[in-house]
Protein chains: 2
Amino acid sequence: MPPTIKQVAERAGVSMSTVSHVLNGTHFVSPELTQRVLNAVQELDYRLNPVARSLAGGRSGVIGVMIPEVAVSYSGEILRGIDEELASAGYDLLLHTTHNQRVKEPVFVHTLAHGLTEGLLLLLPSDPNAYLAPLHKKNFPYVVIDHQGFDDFSPTVVSTNWRGAFDATQYLIELGHQRIGFVAGASHTSSALERLQGYRAALQQAGIPFDAELVREGYFLRTPSYEAALHLLDLPDPPTAIFTANDVSAFGVIDAIHSRGLHFPDDVSVIGFDDIPEAAAARPALTTVRQQLVEMGRTAVRMLMEYITQPERPMQRVTLGTELIIRESCKPPKNSA
Amino acid sequence: MPPTIKQVAERAGVSMSTVSHVLNGTHFVSPELTQRVLNAVQELDYRLNPVARSLAGGRSGVIGVMIPEVAVSYSGEILRGIDEELASAGYDLLLHTTHNQRVKEPVFVHTLAHGLTEGLLLLLPSDPNAYLAPLHKKNFPYVVIDHQGFDDFSPTVVSTNWRGAFDATQYLIELGHQRIGFVAGASHTSSALERLQGYRAALQQAGIPFDAELVREGYFLRTPSYEAALHLLDLPDPPTAIFTANDVSAFGVIDAIHSRGLHFPDDVSVIGFDDIPEAAAARPALTTVRQQLVEMGRTAVRMLMEYITQPERPMQRVTLGTELIIRESCKPPKNSA
DNA sequence: AATTCTGATCGAAGCGCTTCGATCACATTA
DNA sequence: TAATGTGATCGAAGCGCTTCGATCAGAATT
């Protein structure tokens, strides 16, 4: 069994509380005793037990992360940012995956907030209103990633979804497209809504009337997006370009284009959102709106650290910029060429 | 503050120990008291505090996972399997990423094993000999994923690396290739070694002499593999096909082929290993050896659960089969066509 | 020299739970 | 009826740590 603080105290000839103070810097301890404690720690190869520490009211060094799914690149990239930043802050990562089941969210948040964790990171929560208020009330540190507008007290980090969607749509318009489809994301997320609005705004600015026929929900998922695209492609006056709410959806749309025997990207252009690694790896490579995924994770962690160290710090919201990444999946429409 | 077991006990009119026994099933409690306890739990919305539970010597419901990196698809897929299986077993996941720094491994293992966790999953450890013996000695449950042969007491789950490499190489040979390059993995991993041996075995069986010139280390990474491939391509008698130790390396090789102005896959065939999602998404889609990544994660969790519930269970090693997935990245060599 | 103050160090309580041994009521046996 | 046995329930210790208030020696003050 590993040594305890008691053994360190005995070896150093001091009390447990002195050891604790040395280790935590919670109280001035004379250089001599400090040194004796440090020596004892070294000799015994002692490490603080995070569990006991946490129970006794100290820091546990663990941050809870709730994420809808691990394997999707989108989450994976954000998680990477979280993980890297957490590591450099000396924190561990307790992961909860909801597997996209929103009923699990309140349970997980409760467990995480009343357990080992010092703070919480919530990625793309689907029903935050249901459980965030109590957290906020008791001043428990948390940051929400990629969802906003559901309340006015939760710190968030998001992307310029509206702008990104606007840019993507505008790019398509500049290429000459007039019939532009949109495979939208799950409508309970703010990002899906904002992207839809950005799309509409770009259309409007170009004087292209909005056609509700051209918008179908793809829920950020490949198969539903495939089906949505099939529907769009089968329209009497089908789109010559399709903008999708994320890259995964874009791949579903491309599947649909192929399955209708059309040529991609010559017959139908596709533009995605996110710039997940697969977007660059695909051939033709996917033109898309880059979100700073890794940076979102990093930023969220940094914000969380600030809330942990300064509980009274006022709520803060960060918006990270998006960038249009032009690759090979968009061409001018055929008739205009 | 959330209710404690004491409050539950008071409300139910029983002792704390009775509540504990009801909740853990550690001792028979009369139906009447059981019911009273359950009611109190429900009324107070009580949940056991995992931290206190763990300190007091009970189950914490947390499994530690050490992983070299989160964002790589390979790890991500295995992590997904782990995560899913853990969730269905009611466990949480404490994640430690080494960021490929092997010095962190012993520290993490120590922290994880002496903290909250009931068991450990080690993905692709690079230096397991340095710290696994003590764990084994104290009978702490753990399972190693994708590394074997470093000792004779650690439970492992691995793939048929030799077989997979053999199949891949043989497929290339059947296509008519004679000059087959190999971009190897990091040589401190058993999988890299086994794949190399499978490659050599297939060559030998076909009567093709092994040429050390044709083997370069790519460390499972894209850029080093790119450089390794450049080297191979610049050989006086360059390979017409390249087998890589993993898919990520394959993409590096493809980059190199393009950068030398060659046509892929017509001039040089490429075959990978892993079958990460990007392999199927790429165009031309990557022919590769599929590992049951998700299943590896799941299997490891199941094994771990058995060790946790039955500490005396004998060491077990599981090998999962690989499968050649033929897509579009391999053609017969040009001169033979 | 006696008193007060200061600040480093210590002791002990307590965080929420598990678990061992004690207890106590009841049933069984002689 | 007294003695013994049985088994559900309880009490208390303890897991490893933090932290509050107490202590105690030395410095500063009169």
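Each chain gets a letter, A, B and so on, in the order its sequence line appears, and its residues count up from 1. Predicted, not measured: the structure shown is a model, and the values here were computed from it.
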Under 3.5 Å, is there a donor-acceptor pair between the side chain of [X] and the main chain of [Y]?
X: B:E105; Y: B:D127; value: yes
X: A:T97; Y: A:V70; value: no
X: A:R53; Y: A:R59; value: yes

Could you check how far [atom1] of [X] sits from [atom2] of [N], rounded to whole Å?
X: B:L23; N: C:dC17; atom1: CG; atom2: C1'; value: 11 Å
X: B:Y46; N: C:dG16; atom1: OH; atom2: P; value: 10 Å
X: B:L44; N: C:dG16; atom1: CG; atom2: P; value: 14 Å
X: B:L55; N: C:dC17; atom1: CG; atom2: P; value: 12 Å
X: B:R47; N: C:dG16; atom1: CZ; atom2: P; value: 16 Å
X: B:R36; N: D:dA8; atom1: CZ; atom2: P; value: 16 Å
X: B:E118; N: C:dT18; atom1: CD; atom2: P; value: 12 Å
X: A:L116; N: D:dT18; atom1: CG; atom2: C1'; value: 15 Å

Practice prompt. Identify whether any heavy atom of A:V51 sits under 4.0 Å from a base atom; if not, whether one sits that close to sugar-phosphate; answer base, sugar-phosphate or nothing.
Written response: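 No contact at all - A:V51 keeps every heavy atom at 4.0 Å or more from the nucleic acid.
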
Worksheet item: If you look at every heavy atom in A:S54 and A:S60, which pair is closest and at what distance?
Response: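 Heavy-atom minimum between the residues: CB-CB, 3.6 Å.
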
Discussion item. According to salt bridge (Lys or Arg N to Asp or Glu O under 4.0 Å), who are the partners of A:E10, at least two apart in sequence or on a separate chain?
Written reply: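 With sequence neighbours excluded, A:E10 shows a salt bridge (Lys or Arg N to Asp or Glu O under 4.0 Å) to no residue whatsoever.
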
Restricting both atoms to N or O, compile the protein contacts to nucleotides 10-13 of chain C shorter than 3.5 Å, with distance only.
| from | atom 1 | to | atom 2 | distance (Å) |
| --- | --- | --- | --- | --- |
| C:dC10 | OP2 | A:S15 | N | 3.1 |
| C:dC10 | OP2 | A:S15 | OG | 3.3 |
| C:dC10 | OP2 | A:T18 | OG1 | 2.5 |
| C:dG11 | N7 | A:S17 | OG | 3.4 |
| C:dG11 | O6 | A:S17 | OG | 3.3 |

What does the list of N/O pairs under 3.5 Å between the protein and nucleotides 26-28 of chain C look like, with a distance for each?
none

From [options], nucleotide with atom closest to [X] side chain:
X: B:S20; options: C:dC15, C:dG16, C:dT18; result: C:dT18
X: A:R53; options: C:dC15, D:dC17, C:dT18; result: D:dC17
X: B:S30; options: D:dA8, D:dC17, C:dT18; result: D:dA8

Output one line per pair: protein atom, nucleotide atom from nucleotides 24-28 of chain D, and distance, for all N/O pairs under 3.5 Å.
none

Practice prompt. Using distance alone, with no hydrogens and no angle criterion, decide if A:S154 and A:T156 have a side-chain donor and acceptor under 3.5 Å apart.
Written response: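 No, A:T156 and A:S154 have no side-chain donor paired with an acceptor closer than 3.5 Å.
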
Worksheet item: Could you give the distance from CZ (B:R36) to OG1 (B:T18), rounded to the nearest 0.5 Å?
Response: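 B:R36 atom CZ to B:T18 atom OG1 measures 9.5 Å (nearest 0.5 Å).
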
Discussion item. Using five pairs at each end of the helix from C:dA1-D:dT30 to C:dA30-D:dT1 to define an axis, what is the angle between those two axes, to 10°?
Written reply: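 The end-segment axes of the helix from C:dA1-D:dT30 to C:dA30-D:dT1 are tilted 60° relative to each other.
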
Fill in: Pairs meeting criterion ring pair (Phe, Tyr, Trp, His ring centres under 6.0 Å) with involvement of residues 78-104 of chain A, two or more places apart
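Matches after skipping sequence neighbours: A:H96-A:F108.
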
Item to complete: Flag the pair A:R317 and A:D151 as a salt bridge only when some basic side-chain nitrogen lies within less than 4.0 angstrom of an acidic carboxylate oxygen.
Response: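 Here A:R317 pairs with A:D151 in a salt bridge, since their nearest N and O are under 4.0 Å apart.
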
Worksheet entry | Lys/Arg N to Asp/Glu carboxylate O, A:R80 vs A:E84, below 4.0 Å |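 A salt bridge links A:R80 with A:E84.
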
Worksheet item: Want to settle it: does B:P31 or A:G58 sit nearer the 5' end of DNA chain D, counting the closest nucleotide to each?
Response: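 Final value for this comparison: B:P31.
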
Worksheet item: Toward the 5' end of DNA chain D, which comes first, A:T4 or B:F28, by nearest nucleotide?
Response: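 Taking each residue's closest nucleotide, the earlier one in sequence belongs to B:F28.
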
Discussion item. Counting C-beta onward and ignoring hydrogens, is there a side-chain heavy-atom pair between B:N139 and B:E312 closer than 4.5 Å?
Written reply: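 Side chain of B:N139 against side chain of B:E312, heavy atoms only: contact under 4.5 Å found.
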
Count the heavy atoms belonging to other residues, nucleotides or ligands that lie under 6.0 Å from [atom1] of [X], then report whether that count exceeds 12.
X: A:K137; atom1: NZ; value: no
X: B:Y219; atom1: OH; value: no
X: B:Q310; atom1: CD; value: yes

Worksheet item: Would you call the rings of B:H21 and B:H27 parallel, tilted or perpendicular, where under 30° means parallel and over 60° means perpendicular?
Response: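 Rings of B:H21 and B:H27: tilted, as their planes differ by 30° to 60°.
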
Worksheet item: Does C:dT18 have OP1 or OP2 sitting under 4.0 Å from an N or O in the side chain of B:N24?
Response: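 Yes, because at least one side-chain N or O of B:N24 sits under 4.0 Å from OP1 or OP2 of C:dT18.
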
